Amino acid sequence: MIPSLLSDVRAFGAAARKEWRILRRYPAMFLGFLFWPIALPLSYVWQARGYAGDSQAAIDAFAARSGTTEIAGFLFLGWAAYMWISMILWGPGTALRTEQVRGSLEALFMTPVSRLVILFGPVVSQVIWALWMFAIVGVTIVIVFGVSITGPEVGRAFVVIMIGVPALYGLGALFASVVLRFGEVSALVQAVRGLFTVFCGMSFPIIVLPEWGRAIALSLPPTYLIGSLRRVLLIGSDLASIVPDLAILLALGLGLCGVAIVAFRRTERYARRGGSLASY
Amino acid sequence: MTRPMELLSREPFRAEARAAWALARKELRMARRYPLQLVNEVLQPLYQFLIPSLLLGATFFVGGRALGLEEITGSDDLAGYLFLGILVGGLVGTAFWEMAFGLKREMDAGTLEPAWLTPTRPETLVLGRAISGLIVSMAASLVLLGIGVAVFGASVAGGVLISLPALVLAAFSMLGVGYLVASAVLIIREPNFFVDSTNFLFVIFSGVGFPVLVLPSFLQPIAFALPTTYAVDLLRVYALGTRPLLDPLLEWAALLAFASLIIVIGRRVFLRTEHRMRVRGTLGQH
């Protein structure tokens, strides 16, 4: 391995360890990581029960529109993806913002490490939480709701998640650029999260959207991520049958990463020239 | 002109009421400085709860009707059901985030101790936040209800007016709950998760988004122990013609009892917590 790459890998590990150490100082956050992956989807499961009542026709209507009778599995997977997306949207931008507020961002940019380390190093610790969250969701839907998930299905879901990573991290990096340029990102994150919640089918199949809504949904990466996860875990589809969706997800991801790299370089140059790196 | 200290010694209630209103005006003035945040008061419930819930409901539609919901509640007006629920959800949010978590914001800003050194009672300082929070929340709820009627076809028209006293009684109960949560916020150093999760559970168990009868039977007593469950139920009974959870007379009596009890308990717990923190000198620590 060439020396600079090795140094970057070590810096990456150090950034992740630092964030993990900070996380450990706030044990209340651990409770959150246990509470929300169960409580949020569970509230929608109860809501679905209220909508279904004892009407077989209503349950059949759900199955016809969503392609599965596993209502709990459908909702838990949708909201697990939502929480993961939220983490990543907040992740890189918030990490940079925190460094700005602490006054350590300029010092960080003075170091010779790759910008990728600065951008994604702190987010690595969140991957642990993402895996933890999916594990909790998996255990809940298998044990509490009796959804059958086999080992190969878990493997396929892992492949889907990995293919979704570039798209989500690309979005996260774009938000980080906004932080460098404008300082505050929470309103934008709220807006984008709202867009995803309304259109990407966290709690519903996108077939219930009007035609224009479906067109928007099909241009957003989370739609493909959530749809593919549901198909491999709830309907038992193999990867070959969802190749078109995965290809679109990957293409969107690569496109977003490309745009994010250009945007981040430009905003960094802008911030260096204007001396606004540490101002917020 | 009467000086504040004179007014405080002669007419303490009037002085406290003036202080609460002054605080509410200050909060409202600050809120006006962030118009996007005010817009978000309307948008956030829409995109975070109402639209996903409506679309989930649409997944169960049979021939364009919410048959399952009708079977349980007696009404198939899904939009009306949810938009009325959010009226009570707004009340809950005010108690948890404005009354209680507002103290944390004061702590972070370092203004809690100076404010509590003034002759105004600490519970009045919390009440001021509650008043401004209720005004903002009610305004947002009215806009949301308008959107529900105009865009989503909710048919709630006149019935809401008949059930307004239920909302008022629920607001009094939530003042008491707000005092209780504020006491916890004073004690817990990092109350974000506590406030967020308890607010969420309060909303869920009140039946804001679904009929509480679908909760597992061991959890239903929690729902029946919350004043907001009765408020949201009465709203729906009068506005949508849903089947009541209990005899409406009983629900009114429960609301009245909660309103008079919780506010007394909440205030007492808050004052005791505040006193303990003054004795220990931990008011400024967070």
Side-chain angles (χ1 to χ4, degrees), chain A residues 25-36 39-40 42-66 71 74-75 78-79 82 184 186-187 190-210 213, chain B residues 34 36-37 39-40 43-74 76 78 81-82 85 188-198 200-201 203-205 207-216 219 223:
Chain A
R25 295 278 172 194
Y26 297 92
M29 288 180 71
F30 287 77
L31 288 175
F33 286 122
L34 189 65
F35 177 82
W36 291 114
L40 182 63
L42 190 58
S43 68
Y44 279 88
V45 172
W46 286 332
Q47 194 173 50
R49 282 191 187 154
Y51 294 156
D54 289 327
S55 165
Q56 191 54 46
I59 295 168
D60 290 344
F62 176 88
R65 289 181 179 120
S66 66
I71 298 172
F74 183 89
L75 292 167
W79 287 108
Y82 167 82
E184 184 53 55
S186 60
Q190 294 282 9
V192 172
R193 267 203 323 196
L195 183 79
F196 289 167
T197 316
V198 169
F199 290 105
C200 294
M202 273 87 179
S203 63
F204 55 86
I206 61 165
I207 199 166
V208 298
L209 288 168
Chain B
Y34 300 92
L36 273 180
Q37 186 57 39
V39 173
N40 214 30
L43 288 184
Q44 204 168 335
L46 258 183
Y47 65 68
Q48 249 181 11
F49 168 68
L50 289 165
I51 294 178
S53 299
L54 280 167
L55 290 168
L56 175 60
T59 315
F60 288 92
F61 274 9
V62 180
R65 289 184 59 201
L67 283 188
L69 184 72
E70 189 177 12
E71 208 169 80
I72 294 181
T73 66
D76 75 336
L78 176 64
Y81 194 87
L82 291 170
I188 303 170
R189 298 280 163 87
E190 189 54 53
N192 202 322
F193 170 70
F194 172 77
V195 174
D196 204 8
S197 55
T198 45
F200 177 80
L201 292 174
V203 167
I204 293 302
F205 286 115
V208 165
F210 54 83
V212 294
L213 294 175
V214 302
L215 285 169
L219 291 175

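Side chains are part of it too, since the values below use all heavy atoms of this structure and drop only hydrogens, waters and symmetry mates. Only a predicted model underlies this, so the values are computations on that prediction, with no experimental measurement involved. The chains referred to below are lettered A, B, ... by the order of the sequence lines, with proteins before strands, and numbering in each begins at 1.
- In this structure, the portions of L40(A) lying under 4.5 Å from any heavy atom of chain B include both its backbone and its side chain.
- The side-chain contact (heavy atoms from CB on, under 4.5 Å) test applied to I72(B) returns P211(B), V214(B), not counting sequence neighbours.
- Of the two parts of R65(A), only the side chain, counted from C-beta on, holds a non-hydrogen atom closer than 4.5 Å to a non-hydrogen atom of chain B.
- Ring centers of Y51(A) and F62(A): at least 6.0 Å apart, outside the cut-off.
- Ranked by non-hydrogen atom pairs under 4.5 Å with chain B, the options Y82(A), F196(A), W46(A) are led by W46(A).
- Top candidate by heavy-atom pairs under 4.5 Å with chain A, chosen from L69(B), I51(B), L56(B), V62(B), is L56(B).
- When heavy atoms are compared at a cutoff of 4.5 Å, L213(B) does not approach chain A at all.
- In this structure, I71(A) and V45(A) have side chains that are not in contact, with every pair of non-hydrogen atoms separated by 4.5 Å or more.
- Within a 6.0 Å sphere centred on CG of D54(A), heavy atoms belonging to other residues, nucleotides or ligands number 12 at most.
- Heavy atoms from other residues, nucleotides or ligands lying under 6.0 Å from CG of L219(B) number more than 12.
- For F61(B), the parts sitting under 4.5 Å from any heavy atom of chain A are the backbone and the side chain alike.
- At a threshold of 4.5 Å between non-hydrogen side-chain atoms, the residues L31(A) and F194(B) do not count as touching.
- Y44(A) touches chain B through backbone and side chain together, each having a heavy atom under 4.5 Å away.
- Ring geometry for F193(B) versus W36(A): interplanar angle over 60°, hence perpendicular rather than tilted (30 to 60°).
- Listed by first and then second residue, the salt bridge (charged side-chain N to carboxylate O under 4.0 Å, His left out) pairs involving residues 45-66 of chain B are R65(B)-E70(B), R65(B)-D76(B) (not counting sequence neighbours).
- W79(A) has its side chain within reach of T197(A): a pair of non-hydrogen atoms, C-beta onward, lies under 4.5 Å apart.
- With a 4.5 angstrom heavy-atom cutoff, S53(B) touches chain A via backbone and side-chain atoms both.
- A search for side-chain contact (heavy atoms from CB on, under 4.5 Å) contacts involving A39(A) returns F35(A), F200(B), not counting sequence neighbours.
- Within residues 199-206 of chain A, the residues having any heavy atom under 4.5 Å from a heavy atom of chain B are, by residue number, S203(A), F204(A), P205(A).
- If you measure heavy-atom distances from L42(A) to chain B, you find no contacts under 4.5 Å at all.
- Considering only heavy-atom pairs separated by less than 4.5 Å from chain A, the leading option among G63(B), P191(B), S197(B) is S197(B).
- Taking all atoms of both residues into account, the shortest heavy-atom contact from A52(A) to F60(B) is CB-CE2, 3.7 Å.
- Side-chain contact between V203(B) and F49(B): absent, with no pair of heavy atoms (C-beta onward) separated by less than 4.5 Å.
- For L55(B), the parts sitting under 4.5 Å from any heavy atom of chain A are the backbone and the side chain alike.
- For L78(B), the part lying near chain A is the side chain, with the backbone staying farther off; criterion is any non-hydrogen pair under 4.5 Å.
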